[in-house]
Amino acid sequence: MPKLAYLGPEGTFTEEALRILAPGAERLPSTNVPAALEAVRRGQADGAVVPLENSLEGAITTTLDELARGESLLINAELLLPVEFSLLARPGTEIAHIKRVFTHPAAITQCRNFIARELPDAVVVAASSTAAAAQEVALPGSPYDAAIAARIAGEHYGLVELAGGIGDRSDTVTRFVQVSRPGPLPEPTGADRTSLVAFLADDHPGALLEMLTEFSVRGVNLSRIESRPTGDGIGRYFFHFDFEGHVADARVGEAVSGLHRICSRVRFLGSYPRADALSPQIKRGTGDDDFAEAASWLDRIRTGQV
Ligand SMILES: O=C(O)C(=O)Cc1ccccc1
């Protein structure tokens, strides 16, 4: 039974994702995303499940940055999960008396309208996770009056639900990924996604366009691009890319090796089945057969067989 680290404690949305991605796994709650990934790097866990982005606010930057540094880890699965937020408090609390709210930053950004409307005077403080916030609010002397978390977290820590379904949109989904230490990649399924980070060799006009061209000329469709600061000064960035296809596909392999040629460093983050199981559209001339046929034609002309 694999042991998987996750953003804990018990009752987080990440735990819900883990239970779906790996139903039989042993669960190792971690205090934050870097700690969950570090548990995998150190061999204390076989893998980890972490949140990567949501459809309303975009990337969970801690996860992106942590995957780009330290020892390499590979994404081997993803999950899209709709999450529902509740306002939870100790029994007897009235909404009108809530002055301090505790929750994860991703929940703050997804419940902005509710907070502005119902809790206009409350201070909202960032917690390491929604369940950590619920656990803290449940303590008798807690400085916080309420948490925003999953209803199940309230049940687990003995809080009552003052309001449910308080997210700004009911159709928001969060994308979670399962990662492990480098090893064999998941087999191509025909509906896969590949992730990597790329560092520019040098800063010059068109540098980003040159990277994008490696994808474009091979008909590889991007599904996410994110720039993150390298930390070396204002204006210095590296790039996260998610794109359709598996690195075993000829067009994807060619694009990735093209990036390797023009970038100072490319960190491969894995090829894995897409959660939505959508197959990419293969543009004319970019299928595996097209690449194989072109390679054998090149061999022929190089050996004078015109
Ligand atoms: O804090 C949690 O419960 C998490 O798993 C992170 C998170 C927070 C808000 C929306 C989705 C995931």
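Just so you know, these numbers use all the heavy atoms, side chains as well, and skip hydrogens, waters and symmetry mates. Just so you know, ligand 1 is whichever comes first in the structure, and atom 1 is the first atom listed for that ligand.
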Practice problem: Among all protein heavy atoms, pick the one closest to atom 8 (C) of ligand 1 and tell me residue, atom and distance. | Solution: H104 ND1, 3.6 Å
Quiz item: Tell me: protein heavy atom nearest atom 9 (C) of ligand 1, and distance?
Solution: A106 CB, 3.6 Å
Quiz item: Is the backbone N or O of V173 less than 3.5 Å from a side-chain atom of S55, with the two atoms forming a donor-acceptor pair by type?
Solution: yes
Practice problem: Compute both the distance and the angle, then confirm whether R228 meets the cation-pi test with F238: under 6.0 Å from the six-membered ring centre, within 45 degrees of the axis. | Solution: no
Quiz item: Closest approach of M211 and A198, non-hydrogen atoms and distance?
Solution: SD-CB, 3.9 Å
Exercise. Heavy-atom contacts with T12 under 4.0 Å: which atoms of ligand 1 show up? List them by number with element.
Key: 2 (C), 3 (O), 5 (O)
Quiz item: Which of the numbered atoms in ligand 1 are below 4.0 angstrom from a heavy atom of T174?
Solution: 11 (C)
Quiz item: Should the pair R251-E244 be classified as a salt bridge under the 4.0 Å nitrogen-to-oxygen rule?
Solution: no
Quiz item: Does T14 reach ligand 1 with a nitrogen or oxygen that is under 3.5 Å from one of the ligand's nitrogen or oxygen atoms?
Solution: yes
Self-check item: Pair R175 + D242: basic N to acidic O under 4.0 Å
Solution: yes
Quiz item: Which atoms of ligand 1 have any heavy atom of S129 under 4.0 Å away?
Solution: 1 (O)
Quiz item: In the protein, which heavy atom is nearest to atom 6 (C) of ligand 1, and how far is it?
Solution: L7 CD2, 3.7 Å
Quiz item: Any N or O on T130 sitting closer than 3.5 Å to an N or O of ligand 1?
Solution: yes
Quiz item: For ligand 1, is there an N or O atom under 3.5 Å from any N or O atom of A107?
Solution: no
Self-check item: Carboxylate-amine/guanidinium proximity below 4.0 Å for K99 and D121
Solution: no
Quiz item: H246 side chain to P186 main-chain N or O, any donor-acceptor pair under 3.5 Å?
Solution: yes
